[in-house]
Structure formats: C-alpha cells, structure tokens
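The block underneath contains the structure these notes are about, expressed in structure tokens.
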Amino acid sequence: MQTKLEQIRKEAQNALEKLDKLDELSSFRIEYLGKKGKLTRILRGMGSLSPEERPKIGQLANEIRAHLEAEIEKKTRLLEEEALNQRLRDEAIDVTIPGKAYHRGNLHPLSIVLNEIKDIFLGMGFQIAEGPEVELDYYNFEALNIPRNHPARDTQDTFYITENIVLRTHTSPTQIRVMEKEKPPIKIIVPGRVYRSDEVDATHSPIFHQVEGLVIDKNITMGDLKGTLDVFAKELFGPRTRTQFRPHHFPFTEPSAEMDASCAACDGAGCRVCSYTGWIEILGAGMVHPKVLMYGGIDPEKYSGFAFGMGLDRIVNLKYGIDDIRLLFENDIRFLDQF
Ligand code: DAH
C-alpha cells in the first residue's frame, strides 16, 4: 500500500508539472483528491491493514494530500501570474503611436444657407413649419386658387402619384395646412423639398428646395411685405443690398410681385453673374389672395397677409458662385469639402 501511495505521489507530481492551464487544475484536484479520487480510493483499502500499519499509512496519506494541496496552491498562483502577465502583454497600449487623422464632416451648402435664412426669419419673429412632400392635389393646387386648366398642372411639370395625390411642386400648400390649424397672427417660413418633372441640366433638377413664407394678421399691407423682404435680402447678401419689386402674376396672390436683389458680385454695376443687369431675381411674393384665405378658413374681411417663396438651390449657387445645380445633389466629397 505504501508503494502504491508513493507511486500516486509521483504520478500526481508529474501530472501537475505538465499542467499549464488554470482550468485543468480543478480536474486535477478531483482526479487525485476528490471523493472518488485516486488517493481516496487507496485509503478505502485501509480496512485490510494490520492495526500497527494503519496509522503509518494514514499519516503518509495525509502527508501526500497536504503536499499535493500545497503544490496545487503553488501552481495556481504561478498560472494566475502567468495569465496576468499574458494579459498585460496582449492589452498593452503604445501611447506614443500618433493618433489617426479622422476625416471631419461639414454641413452641406444647402444646410448652411438654409440655417442662415432660418436665423434671419427667426430673428424677425417667424416660426418654422413643415408640410408633407407627398401632397394632395387639393393643397398643392385647388386651395391655392390654381384652376383645373392652369399650365402649372401639366403632367410635364407635376409628378402624379394618383389622380389626387402629387409630389408637391412647391412649398405653398403648407400655407393652407397651417391656416387650417392656426389662428392669426400667423408668421411662418416653410423650408422643404419640392419636385418637378424637369430634365436635369445645369439649372434644373427634378428635386429642389424652396423656402415659403406666410404672414397673416389684421392690417397687413404690401408695405409689410416690402419691409420684411428688404431686411431679409440685406441680412442674407450684405447691408449694401438694394431690392426692387416688379409686378408679376401668381394665382394665389393679388397683387403679386417678383423681388430682385442688387447683384452682390458687382454691387449692381452689372457683371457676368447678373447678366449685366445689376439685379438678380430672388423670390416671388404677393398679398395672399382672398380666396386662398377662405380656403384656409380665414375671413378675408378681417385679415390680410403676404406670402413669398424662394428657390433655395439658386440662392446657394449665387452665394457661393456655383454654376451647376447638379453639384448640390451629386454629393462629391471633393465638392462638399470646400464649405
Ligand atoms: N409657389 C411659387 C413657385 O413655386 C413661389 C411663390 C410665389 C410662393 C409667390 C409664394 C408667393 O408664396 O406669394 O414658383
């Protein structure tokens, strides 16, 4: 029995030396020292020993057990230390490596100029409203006093989804939607995307952007329209900017006008940018047609208002000297990086 015990001690010692993983240690302990382990099994045979031998063998077995426990403990500490060192090596960070230069994004020129326009109108007490891009024919045309036979309704201009649903061709339908919901005083701008079935070229895109404006209150006059839009032009293009209003026609305003701003490139002297006229057309505007007020549920006897609409893409191109609207939609990073 003694030889068997010595054998087990040796065997265990060898096995333990070969171990190199922490989780193998617990199976090692079970294999040798567990309830059904090798050492315990031998001790079961103690019954057949003579009474003199028993304590000796018992003592030896305890010694071996204590020895193995100590060895396991030692090995555990060793392996833990190694594992820690390995982790420290694996997770080492070289703080001297230079940082990666990340590409920093910037705002799209349309967003930059729209933000400016919003700021200008917010400063004059306007609020910002939005409306759907997929719009009912009713809001896009009917309620804006655009009759059935008006050329703006031609299928070549309008993307029809069904007979009664279109992709809005301008931001004006939101005028009606806001009038339906709010009571005067109303003072809003409506920036948004609009759609027209145009061939793509340097000045046309089937998707472009407008900023609509609507002011309704008691005693609003053409003077308010001119004053507001003149301030707007000076804020956007610079304090030297002058404006002029030319008579025009829109179905939803009466009277209607187009506003020109003096060319910022030549200060009105005439240059290539303004086709040597000194002026640049900026927006359409007018006093809201009484019929349009009525469509919006507002009494034209009590209230009046003015409205305006401008093409954002054209204004962006003017401000930055961009000569092709397609650049705004292609999103070539080499173009966008310049803003
Ligand atoms: N909706 C017009 C267009 O798309 C622009 C416009 C003109 C809007 C005059 C207005 C306005 O609100 O009063 O061409």
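Counting convention: from 1, in listed order, for ligands and their atoms alike.
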**Q.** Cationic N near anionic O, under 4.0 Å, Asp267 to Arg242
**A.** yes
Q. What do you reckon, does Ala307 have a nitrogen or oxygen under 3.5 Å from a nitrogen or oxygen of ligand 1?
A. yes
Q. Which atoms of ligand 1 are found less than 4.0 Å from any heavy atom of Gly286?
A. 13 (O)
Q: List every atom of ligand 1 that sits less than 4.0 Å from any heavy atom of Ala285, numbering the atoms from 1 in the order shown and giving each element.
A: 9 (C), 11 (C), 13 (O)
Q.
Testing the 3.5 Å rule here: is there a donor-acceptor pair between the side chains of Tyr295 and Glu180?
A. no
Q.
Evaluate Gln175 for polar contact with ligand 1, using N/O atom pairs at a separation under 3.5 Å.
A. yes
Q) Has ligand 1 got any nitrogen or oxygen that is less than 3.5 angstrom from a nitrogen or oxygen of Arg196? A) yes
Q: Establish, from distance only, whether the side-chain atoms of Asn164 and Thr162 form a donor-acceptor pair under 3.5 Å.
A: no
Q.
If the cut-off is 4.0 Å to any non-hydrogen atom of Gly309, which atoms of ligand 1 fall inside it?
A. 6 (C), 8 (C), 10 (C), 12 (O)
**Q.** Numbered atoms of ligand 1 (with element) below 4.0 Å of Ser172, judged on heavy atoms
**A.** 1 (N), 8 (C)
**Q.** Centroid-centroid distance, Phe308 to Phe252, less than 6.0 Å
**A.** no
Q. At a 4.0 Å cut-off, with the gap strictly under it, does some heavy atom of Gln210 reach an atom of ligand 1?
A. yes
Q.
Quiz question: by atom type and distance under 3.5 Å, do the side chains of Glu254 and His249 form a donor-acceptor pair?
A. no
Q. Heavy atom under 4.0 Å from ligand 1: found in Phe252's side chain, backbone, both, or neither?
A. side chain
Q. What's the shortest distance from atom 12 (O) of ligand 1 to any protein heavy atom, and which residue and atom give it?
A. Glu212 OE2, 2.6 Å
Q: Return yes when atom CD of Gln86 has more than 12 non-hydrogen atoms of other residues, nucleotides or ligands closer than 6.0 Å, and no otherwise.
A: yes
Q: Can you sort out which atoms of ligand 1 are near Thr253, meaning under 4.0 Å from one of its heavy atoms?
A: 13 (O)
Q) Would Asp260 and Thr243 count as having a side-chain donor-acceptor pair, cut-off 3.5 Å? A) no
Q) Are Glu80 and Arg77 ion-paired here, with the side-chain N under 4.0 Å from a carboxylate O? A) no
